Amino acid sequence: MNTIAVIDYGMGNLHSVAKALEKAGDGVKAIISSKPEEILAADRVILPGVGAIRDCMREIRRLGFDQVVLEAVKSKPVLGICVGMQAMMEYSEENGGVECLGVFPGKVRFFGNELTENGERLKVPHMGWNEVYQQGSHPLWKDIPDGSRFYFVHSYYVDGTAGDIVAGVCRYGVSLAAAVQKDNVFATQFHPEKSQHAGLALLKNFVSWDGTR
Amino acid sequence: MALAKRIIPCLDVDKGRVVKGVKFEDIRDAGDPVEIARRYDEQGADEITFLDITASHEDRATTVHTVERMASQVFIPLTVGGGIRTVDDIRRMLNAGADKVSINTAAVFNPEFVQEAADRFGSQCIVVAIDAKKVSAPGEPGRWEIFTHGGRKPTGLDAVEWARKMTAYGAGEILLTSMDCDGTKSGFDLGLTRAVSSAVSVPVIASGGVGNLQHLVDGVKEGLADAVLAASIFHFGEYTIPEAKAYMAKQGIEVRML
């Protein structure tokens, strides 16, 4: 049995992540868990997240999941989603500045209130379906056409020109990192569980990924 | 290329059945919101809005169950509105699988509820629904007021000011319905839509009045809407979502094609 642990630290809707995983992969058992030993015993781990980073990091630390994530990234495939991706960066500007887990180098920035593209004013949050351009090949992009649209909802972002870790970019006033990767860890700013075919394809790739490139 | 403008079909649900404007061959399965949502998902709808019009408290359990079923089969964002009055209501819907909740009347009577909700769950899942009617005389600069109780009770609140306030309180999106246009099939109130969309930094969903595909285009181009919501044109099978998207794309609007 292929077990995927979705880390439950009390933030947001984990039901749809679990359901999407079970839909995406045959014989996948998705467990929503707040037990460190159960999470570390799973074959793969997902760090989801919604809401404000300060609350997310506070709960992650309070429940000891900072150590769990740092342990998991040493040994098994890990996927971060949305604020879960941001929590894996070094630092976020949100809420006056929050130290994060530092799995990936780099920081999370605010879009600002004056975001424009070609003279057109852009709304913040960046909400809806945007095109993601893959930066090099990666097992998690298998069978997903380059430029496919994924569902985003966020007001803070990771710079899309941040170098080797950027696995996919998206344009919204700035170039933003739609996905980052390093070794056996992959993280997306978009919500694969809400991105219909493209999103389910990515989750399917994750549940069969061995963590190598 | 850029962010796509969204098309959002809206389901009005009572006691677990879609109640408004659905015409189907097989009446037994006709009103199952999960089946209808799945069909829209397959057609390429960008989100689904589920409006719970159930009046009684007992029937809300049915709603939670319906949302659970929908969320386990439809992998696009799901917004649930109607009867959201407390933090517990929100938590229940999010746990059932909703991605966003839409707060309407409760925001008017207790604006701090929106602040509390956004603090607790994040702005990304808090939609504030605004029902507005035009109150300015013809020839005057447009002015719209918030109404509650299905458009019967004026509140004295200016719609544009209210939208600004709700955004400042943490609303991540505005669902804007023109009470004048709703059900008329004569198009959105473009003046209202443009005024609100220009006044706030967050996305605005235009609602109320869609009768044909040009209305969707006008909502985006003239009304500056970030998303367009419609019910009857899709429910009655007058147009499919791919037809709507193809039409919008031809008019130069960025949409998500399957």
Side-chain angles (χ1 to χ4, degrees), chain A residues 10-20 22-24 32 49-56 82-83 94 111-115 117-118 120-131 133 147-155 170-173 191-200 203, chain B residues 1-8 41-42 44-48 67-78 91 93-101 118-127 167 170-174 197-198 200-205 224-227 254-258:
Chain A
M11 303 295 288
N13 166 11
L14 306 180
H15 172 94
S16 49
V17 177
K19 290 293 174 191
E22 289 178 350
K23 167 93 175 175
I32 296 171
V50 295
I53 191 76
R54 182 188 50 212
D55 299 343
C56 282
C82 196
V83 178
E94 191 177 3
F111 277 122
N113 289 316
E114 305 293 329
L115 194 65
E117 183 102 67
N118 302 325
E120 187 196 343
R121 174 171 159 261
L122 300 178
K123 299 293 183 74
V124 176
H126 172 217
M127 184 185 287
W129 300 80
N130 208 336
E131 290 168 330
Y133 290 93
S148 291
R149 288 187 187 271
F150 290 85
Y151 187 81
F152 290 82
V153 51
H154 62 122
S155 300
C170 170
R171 182 87 208 161
Y172 194 66
H191 286 271
E193 77 282 11
K194 289 289 151 187
S195 297
Q196 217 202 12
H197 303 311
L200 293 176
L203 292 176
Chain B
M1 303 305 270
L3 186 65
K5 301 297 179 188
R6 289 168 281 153
I7 295 188
I8 308 176
D41 173 53
E42 277 165 22
D46 297 309
E47 298 189 25
I48 301 280
V67 170
E68 278 172 358
R69 284 172 56 226
M70 197 178 286
S72 61
Q73 298 185 45
V74 174
F75 298 99
I76 57 175
L78 173 62
R91 185 177 295 115
M93 287 308 168
L94 296 180
N95 285 344
D99 299 287
K100 312 180 207 180
V101 292
D119 279 350
R120 192 76 68 93
F121 303 103
S123 291
Q124 83 291 331
C125 69
I126 305 300
V127 182
T167 307
E173 196 171 30
I174 302 286
S197 190
S198 306
V200 299
S201 59
V202 302
V204 171
I205 305 166
L224 307 179
D226 301 282
E254 186 107 14
V255 290
R256 177 179 73 111
M257 294 298 203
L258 284 187

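Predicted, not measured: the structure shown is a model, and the values here were computed from it. So that the names make sense, note that chain A is the first sequence line, chain B the second, and so on, each numbered from 1.
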* Does any non-hydrogen side-chain atom of A:Lys194 lie less than 4.5 Å from one of B:Phe75? -> no
* Using a cut-off of under 4.5 Å for heavy-atom pairs, which of B:Ala4, B:Gly122, B:Ala98 has the most such pairs with chain A? -> B:Ala4
* If you count heavy-atom pairs under 4.5 Å between each of A:Ser195, A:Ala52, A:Ala20 and chain B, which one has the most? -> A:Ala20
* Asked: Could you give the distance from CD (B:Gln124) to CZ (A:Phe152), rounded to the nearest 0.5 Å?
  -> 15.0 Å
* How close do B:Asp226 and A:Lys123 get, heavy atom to heavy atom, and via which atoms? -> OD2-NZ, 2.8 Å
* Interchain contact, A:Leu200 with chain B, by part (heavy-atom threshold 4.5 Å) -> side chain
* To do: Check whether B:Ser197 gets within reach of chain A through its side chain, its backbone, both or neither, counting any heavy atom under 4.5 Å.
  => both
* Structure fact -> Rounded to the nearest 0.5 angstrom, the NE2-CG distance for A:His197 and B:Leu258 is 5.5 Å
* To do: Among the options B:Asp99, B:Val74, B:Leu78, pick out the one with the most heavy-atom pairs lying under 4.5 Å from chain A.
  => B:Asp99
* **Which atoms of B:Asp41 approach chain A - backbone, side chain, both or neither, heavy atom under 4.5 Å** => both
* To do: Any chance you could measure A:Ser16, atom OG, to B:Ile76, atom CD1, to the nearest 0.5 Å?
  => 12.0 Å
* Which answer fits A:Glu193, side chain, backbone, both or neither, if we ask what part of it has an atom under 4.5 Å from a heavy atom of chain B? -> backbone
* **Non-hydrogen atoms of B:Asp119 and A:Asp55 that approach each other most closely** => O-OD2, 3.8 Å
* Please report the closest heavy-atom contact between A:Pro125 and B:Val202, naming both atoms and the distance. => CD-CG1, 4.1 Å
* Asked: What heavy-atom pair brings A:Met127 and B:Pro203 nearest, and what distance separates the two atoms?
  -> CB-CG, 4.0 Å
* Asked: What are the two closest non-hydrogen atoms of B:Ala2 and A:Glu131, and how far apart are they?
  -> N-OE1, 4.3 Å
* Among the listed options B:Arg6, B:Glu68, B:Met257, the residue most often paired with chain A at heavy-atom distances under 4.5 Å -> B:Arg6
* Asked: Are any non-hydrogen side-chain atoms of B:Pro77 and A:Trp129 less than 4.5 angstrom apart?
  -> yes
* **A:Lys19 versus B:Ala71, closest heavy-atom pair with distance** => CB-O, 4.4 Å
* **N-O pairing of A:Arg149 and B:Glu254 below 4.0 Å** => yes
* Applying side chain to side chain donor-acceptor pair (under 3.5 Å), run through A:Lys23 and B:Ser72 and close with a yes or a no. => CA-CA 9 Å; A:Lys23 167 93 175 175; B:Ser72 61; over 6 Å; no
* Structure fact -> So, the part of B:Ala227 with a heavy atom under 4.5 Å from chain A: the answer is neither
